[in-house]
Amino acid sequence: MNYFLTEEQQMIQELAAQIAREKIKPVRAQLDEQEEFPWEIMQVLAQADLFGLYIPEEYGGMGGGILENCLAIEQLAQACIGVATSFAASGLGAYPILLYGSEEQKQRYLPEVAAGKRLAAFGLTESSAGSDVSGIKTTAVRDGDHYLLNGNKQWITNGGEAEIYSVLALTDRSKGPRGASFFIVEKGDPGFSFGRKEKKLGIRASATRELIFQDCRIPKDRLIGREGIGFINAMKTFDKSRPGIAALGVGLSQGALDLAVEYARQREQFGKPIITFQAIQHKLANMAIKTEASRALLYAAARHMDTEPPDASKLAAMVKVFSGDVAMEVATDAVQILGGYGYMQDYPVEKMMRDAKILQIYEGTNEIQRNIIGQELNKEYSRIKETFF
Amino acid sequence: MKALVDGKKCTVCGVCSDVCPFGAITVGETSVEISDECTLCGMCVDTCEFGAISLPEVGAGPAADLADYNGVWVFAEWRDGTVHKVSYELLGAGRQLADKRGVELAAVLLGHGLGEALSSELIAYGADVVYLVDHPQLARFTNEAYADVLVDLIHKKRPEILLAGATSIGRSFIPRVAASVRTGLTADCTELDISEEGLLLQTRPAFGGNVMATIVCPNSRPQMATVRPKVMRPVRQPEHPGRSEVIEVSDGIFQNRVEVLEVIPEQDQTAKLTEADIIVSGGRGLGKAENFVLLEELAQLVKGAVGASRGAVEEGWIAPSHQVGQTGRTVAPTLYMAVGLSGAIQHVVGMQGSKIIVAVNKDREAPVFDVASCGVVADLFEFIPAFIRKIKQERE
Amino acid sequence: MHIVVCIKQVPDTKNVRIDPDTHTLVRQGVESIINPFDLFAVEAALQIKDASSATITVITMGPPQAEEALREVLSRGVDAALLLSDRAFAGADTWATSVTLSAAIRKLGNVDLILCGKQAVDGDTAQVGPEVATLLDIPYATFVKKMEPLDAQHLKVTRQTDEGTEVWKLSTPALITVIKEVGEPRLPSLRHKMRAKKAAIPVWGIAELGLDANDVGLCGSFTQVVRVFSPPRRTDRVIIEGSLEEQVEQLYRYLKEAKVPGI
């Protein structure tokens with residue numbers, strides 16, 4: 001379908017698709033099986049200039065926005081969302097700096113992230129603070145020209161592999177969420193270490209680790225923005241990053257649909273290719289409808305969000321929920337169409353099904369996203385004077 | 001410039017359009033049109049059963065002195081002081097050509113301190129004369145020294161045909177010879193003959209081996225070709241008379257722009273692969289690296305080498321030095337056993353010159369059966385162990 | 001350092017298929033690609049550029065649509081591209097091609113290194129590189145898998161031979177034909193891709209090269225294709241089916257009768 005993409009946007013798609021085809025697809029099964037972090041592919045993506053798509057040109061990026069980043073993520077995700085997640089997570093880690101960082105911080109960190117020389121990561125979740133961000137316990141205490149960080153961050157994507165971490169910590173415990181602040185922590189900072197690499201159901205090419213801060217001492221200029229705006233920064237960051245999760249879902253759905261159709265055309269039962277059976281046709285039709293609908297919503301919303309609209313949070317939540325749910329359904333249906341073969345690791349669809357589940361969980365569960373949408377609707381309608389009855 | 005269509009002969013059947021690899025031929029209502037996409041490859045010419053298509057003639061009318069050139073030459077290669085097999089094969093082919101033309105067959109031997117025995121052997125394989133150049137600069141192969149000496153000999157003796165093996169040496173320096181004496185060169189020929197007009201007919205595979213092309217060099221001399229090893233048949237005639245002639249070259253010939261620093265003979269399979277009489281090759285059908293042990297066992301048993309398809313190499317099951325095909329090695333053993341490989345065209349190109357091709361595949365539709373002289377439709381994991389047992393049994 | 005890389009656009013022989021009935025080439029869906037070996041040459045040039053400061057110009061001789069191949073390599077990071085295109089170039093054999101390429105390189109001037117793929121997959125001749133070097137009167141080495149500069153005037157190369165490897169020292173300017181071991185071709189980058197899209201690619205014909213139409217293309221060729229035909233089909237094909245024991249027995253007998261050494 002023609003989404004009226006610009007020449008540059010089409011080039012991004014083309015390039016990311018080429019990388020997916022030539023570099024990711026041949027190794028995805030191996031990366032999944034061996035839970036190997038795809039450093040080689042990260043280097044290819046870096047050399048292709050893709051890490052800087054959403055970063056302004058003055059900081060070494062390509063000067064694009066959410067849509068450009070999503071186009072790349074979608075193509076990579078068609079081959080493997082484990083790899084694509086590692087790529088996208090670097091953006092998640094960089095957004096707090098891009099949104100609220102000082103000029104010096106931007107100059108210092110963003111060009112390296114844009115060039116893919118250093119990966120970034122985002123540290124928010126803790127064992128007692130997942131959907132409820134207000135439960136975070138990590139603290140940052142001012143000590144002269146430094147801050148001392150203490151606490152643990154759990155399940156951090158790119159943890160241990162990234163070198164730049166945006167970490168949320170409480171600078172004023174008494175203020176609750178209003179007392180949270182973001183800090184830049186670098187791999188190698190004293191008192192900063194990592195837990196073991198987590199074993200996961202899916203996206204096993206991505207690395208997930210605990211971040212451990214034990215009297216981690218960092219210079220005071222690592223504070224992003226000012227104290228107390230951490231929570232807002234996190235929410236604004238999610239508005240930018242959640243469409244990326246949606247793009248992972250769209251890519252995964254398309255990848256699963258492609259495999260299912262190809263298989264259904266080849267596989268013969270009762271003397272005919274199974275695509276001639278209505279049961280299969282309807283399943284494929286539903287998969288195709290949902291995939292295209294999630295793409296259409298994503299592209300439209302991403303374009304809209306690139307204009308910095310007031311309803312960004314609602315739309316970011318909508319695309320994330322929709323394409324995540326769709327990806328889960330489409331991948332499950334793809335396994336069903338491939339039947340016994342689909343269940344075997346010789347075919348890539350079982351991996352897609354395992355991978356898809358995370359899309360409904362990370363960067364805010366789909367339940368939380370629906371809460372956000374509900375709250376936003378409540379706010380929006382409270383401002384409308386007109387009655388609809 | 002493009003292929004020419006004779007409107008009187010053309011029936012607008014459209015067959016030419018189907019075979020054109022460049023999509024240059026469109027079939028209209030009453031005529032076919034050849035567009036500028038035409039590269040003059042000639043595919044259509046031979047396909048047209050009405051003889052309606054022809055290629056324009058090559059330019060530059062016959063050079064005045066074609067008749068001054070006389071005799072068939074074979075460039076004699078050697079390794080470690082002995083003649084390379086391909087040179088005997090070329091003498092076999094060259095003998096036939098020389099006899100058809102009624103001219104002398106010469107072997108050209110360049111080197112330093114080579115023994116008398118080499119010349120005698122070349123004569124025993126059919127050479128009427130061996131031209132020998134002995135010079136310290138020829139002790140090791142370089143393009144420049146070898147080419148420039150050979151060019152000097154051509155200027156002096158004027159052969160009408162020059163053949164060399166399509167080896168890493170022949171394919172490397174012969175183009176310099178051809179360009180220096182300003183004549184045509186056909187690479188990697190698999191068939192040679194003399195036309196009615198007395199021209200050398202040089203036949204070689206093209207388009208990755210999908211078609212064969214016969215090429216002539218009408219207006220310049222010598223007519224030069226490199227010939228694929230293991231294609232021509234050597235004939236030893238111990239009684240064949242011949243003489244040896246030492247030719248001096250001046251030191252001024254050598255330009256010394258290239259120096260050989262080191263020659264490292266390879267221990268691994270790469271070299272063995274092109275030399276082997278039997279190659280057992282595996283593809284993706286082997287499933288995993290460990291299964292190559294099966295092929296190694298068979299290869300060892302028959303003193304052969306192990307090859308592989310690009311697929312198997314890409315999977316990392318076997319080292320790239322074993323790869324046969326377009327991006328790997330081109331081989332032509334007596335027996336090529338293709339086991340669990342589908343027969344993708346890029347693989348077939350590298351092995352279709354083999355005398356016997358045995359394909360073992362459980363998929364009867366696998367394209368490899370199209371090139372096989374003998375196809376075994378079987379599960380390789382059952383068949384190969386059974387075949388190994390059979391050979392062992394028979395030997396006892 | 002100025003490096004010239006010669007590339008060729010070829011039909012993707014990988015996807016060429018033979019029609020089992022007519023036994024002719026099926027060209028449906030056969031796209032033009034850059035000769036794979038030439039991509040290794042481009043990669044080798046880019047590696048030199050990575051390590052030092054080199055300028056890379058890629059040239060190709062072909063029809064106007066060969067420009068596509070040049071934009072592709074521009075998107076991988078080479079600096080400039082030049083298309084040699086003229087109706088007079090059609091039907092060139094390796095000699096006439098070499099005449100054209102060498103005239104272009106001479107006109108470019110100040111070239112330190114010329115890189116080519118070891119051969120093109122459509123013709124498999126491996127002749128154009130050495131012939132260009134000969135016409136330019138510079139030394140060359142074929143089938144090279146590793147290259148390193150020795151000093152300002154010399155290059156050390158490791159080349160693959162049938163028997164092993166050889167290390168040669170060449171004075172520059174020189175021409176090198178490379179094999180895949182030089183390194184896997186890198187993919188395009190977005191910045192290069194954008195630049196490639198807009199890059200102006202000069203087109204030189206016989207007029208620009210100062211050549212006569214009789215020196216190039218079919219007119220300037222020494223060799224001529226007189227016949228193209230399908231390889232003879234194997235008519236003696238044996239298909240062995242049946243029980244495992246029967247199959248083993250049949251194949252063994254087949255090879256024994258064919259007198260395969262070692263069986």
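No hydrogens, no waters, no symmetry mates; every other heavy atom, side chains included, goes into these values.
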Bottom line for B:Gln323: the part with an atom under 4.5 Å from chain C's heavy atoms is side chain

Crowding at CD, C:Glu184 (>12 non-hydrogen neighbours, <6.0 Å): no

Contact winner vs chain C - B:Val302, B:Asp277, B:Ile264, B:Ile278, heavy-atom pairs under 4.5 Å: B:Ile264

Between C:Tyr140, C:Tyr254, C:Phe37, the one whose heavy-atom pairs under 4.5 Å with chain B are most numerous: C:Tyr140

Just list the side-chain donor-acceptor pairs under 3.5 Å for residues 172-188 of chain B, sequence neighbours left out, or say none.
unit_1: B:Ser172; atom_1: OG; unit_2: B:Asn143; atom_2: OD1; d: 2.6
unit_1: B:Ser172; atom_1: OG; unit_2: C:Thr142; atom_2: OG1; d: 2.6
unit_1: B:Ser172; atom_1: OG; unit_2: C:Arg159; atom_2: NH2; d: 3.4
unit_1: B:Arg176; atom_1: NE; unit_2: B:Asp148; atom_2: OD1; d: 3.0
unit_1: B:Arg176; atom_1: NH2; unit_2: B:Asp148; atom_2: OD1; d: 3.3
unit_1: B:Arg176; atom_1: NH2; unit_2: B:Asp148; atom_2: OD2; d: 3.4
unit_1: B:Ser180; atom_1: OG; unit_2: B:Arg176; atom_2: O; d: 2.7
unit_1: B:Thr183; atom_1: OG1; unit_2: B:Ser220; atom_2: OG; d: 3.0
unit_1: B:Thr183; atom_1: OG1; unit_2: B:Pro222; atom_2: O; d: 2.7
unit_1: B:Thr186; atom_1: OG1; unit_2: B:Gln202; atom_2: OE1; d: 3.1
unit_1: B:Asp188; atom_1: OD1; unit_2: B:Arg228; atom_2: NE; d: 3.4
unit_1: B:Asp188; atom_1: OD2; unit_2: B:Arg228; atom_2: NE; d: 3.4
unit_1: B:Asp188; atom_1: OD2; unit_2: B:Arg228; atom_2: NH2; d: 3.0

Point-to-point distance, once rounded to the nearest 0.5 Å, from NZ of C:Lys256 to CD1 of B:Ile391: 9.0 Å

Might you confirm whether atom CD of B:Glu365 has over 12 heavy atoms from other residues, nucleotides or ligands at distances under 6.0 Å? no

Residue pair B:Phe387, C:Leu251: steps toward the side chain to side chain contact (heavy atoms under 4.5 Å, CB included) verdict: CA-CA 8 Å; B:Phe387 191 59; C:Leu251 179 65; 3.7 Å; yes

From B:Arg171 atom CZ to C:Gln119 atom CD, the distance as rounded to the nearest 0.5 Å: 5.0 Å

Could you check C:Val238 against B:Ser373 for side chain to side chain contact (heavy atoms under 4.5 Å, CB included), going step by step and ending with a plain yes or no? CA-CA 6 Å; C:Val238 186; B:Ser373 29; over 6 Å; no

Please examine the side chains of B:Glu262 and C:Glu166, heavy atoms only from C-beta on, and report whether any two atoms are closer than 4.5 Å. no

Straight-line distance of C:Asp124 CG to B:Thr330 OG1, nearest 0.5 Å: 7.0 Å

Under the side chain to side chain contact (heavy atoms under 4.5 Å, CB included) rule, what do B:Arg79 and C:Glu163 come out as? Steps first, then yes or no, please. CA-CA 9 Å; B:Arg79 302 282 193 284; C:Glu163 287 78 26; 2.8 Å; yes

Mind ranking C:Leu170, C:Ile179, C:Thr125, C:Val132 by heavy-atom pairs under 4.5 Å with chain B and telling me who comes out on top? C:Thr125

Checking heavy atoms, do the side chain of B:Thr203, its backbone, both or neither come under 4.5 Å from chain C? side chain

Sub-4.5 Å side-chain heavy-atom contact between C:Gln224 and B:Cys217: no

Taking the side chain as every heavy atom from C-beta outward, state whether C:Val248 and B:Phe383 have any atom pair closer than 4.5 Å. yes

Mind checking whether B:Val216 and C:Thr223 have side chains closer than 4.5 Å, heavy atoms only? no

Let me confirm one number: the OH-CD distance from C:Tyr252 to B:Gln393, rounded to the nearest 0.5 Å. 9.5 Å

Honestly, the part of B:Met224 sitting under 4.5 Å from a heavy atom of chain C is neither

Quick check on C:Lys146: does its NZ atom have over 12 non-hydrogen neighbours (other residues, nucleotides or ligands) under 6.0 Å away? no

Portion of B:Val45 that has a non-hydrogen atom of chain C nearer than 4.5 angstrom: neither

Pairs touching residues 216-226 of chain C that satisfy salt bridge (Lys or Arg N to Asp or Glu O under 4.0 Å), sequence neighbours left out: none

Heavy atoms from other residues, nucleotides or ligands near CD of C:Glu68 exceed 12 (cutoff 6.0 Å): no

Pairs of heavy atoms under 4.5 Å with chain B: top-ranked of C:Ala133, C:Pro130, C:Pro139, C:Gly242: C:Pro139

Are B:Leu335 and C:Leu255 close enough, and set up right, to give a side chain to side chain contact (heavy atoms under 4.5 Å, CB included), and what steps lead you there? CA-CA 9 Å; B:Leu335 169 62; C:Leu255 296 177; 3.8 Å; yes

What pair of heavy atoms forms the shortest contact from B:Arg329 to C:Thr161, and how long is it? NH2-O, 3.5 Å

Just wondering, more than 12 heavy atoms not from B:Asp80 lying within 6.0 Å of its CG? no

Short question: side chain of C:Asp162, backbone of B:Ser168 - any donor-acceptor pair under 3.5 Å? yes

Measure the spacing between NZ of C:Lys156 and CD of B:Glu259 and express it to the nearest 0.5 Å. 11.5 Å

Winner by heavy-atom pair count (cut-off under 4.5 Å) against chain B, out of C:Asp137, C:Asp215, C:Val99, C:Leu135: C:Asp137

Could you check which of C:Leu155, C:Val128, C:Ile138 has the highest count of heavy-atom pairs closer than 4.5 Å to chain B? C:Ile138

Side-chain donor/acceptor of C:Gln247 to backbone N/O of B:Val376, under 3.5 Å: no

Here the pair of heavy atoms bringing C:Ile239 nearest to B:Arg364 is CG2-NH2, 3.7 Å

Which value, rounded to the nearest 0.5 Å, describes the distance between C:Trp168 atom CH2 and B:Leu261 atom CG? 11.0 Å

Contacting moiety of C:Gln250, where chain B heavy atoms sit under 4.5 Å: neither

Can you tell me which of B:Glu382, B:Arg140, B:Lys303 forms the most heavy-atom pairs within a distance under 4.5 Å of chain C? B:Glu382

Under 4.5 Å to a heavy atom of chain C? For B:Val358 that would be side chain

Check whether B:Arg204 reaches the backbone of C:Gly123 with its side chain - one donor and one acceptor, N or O, closer than 3.5 Å. yes

Applying a strict 4.5 Å limit to non-hydrogen atoms, the region of C:Pro261 in contact with chain B is both

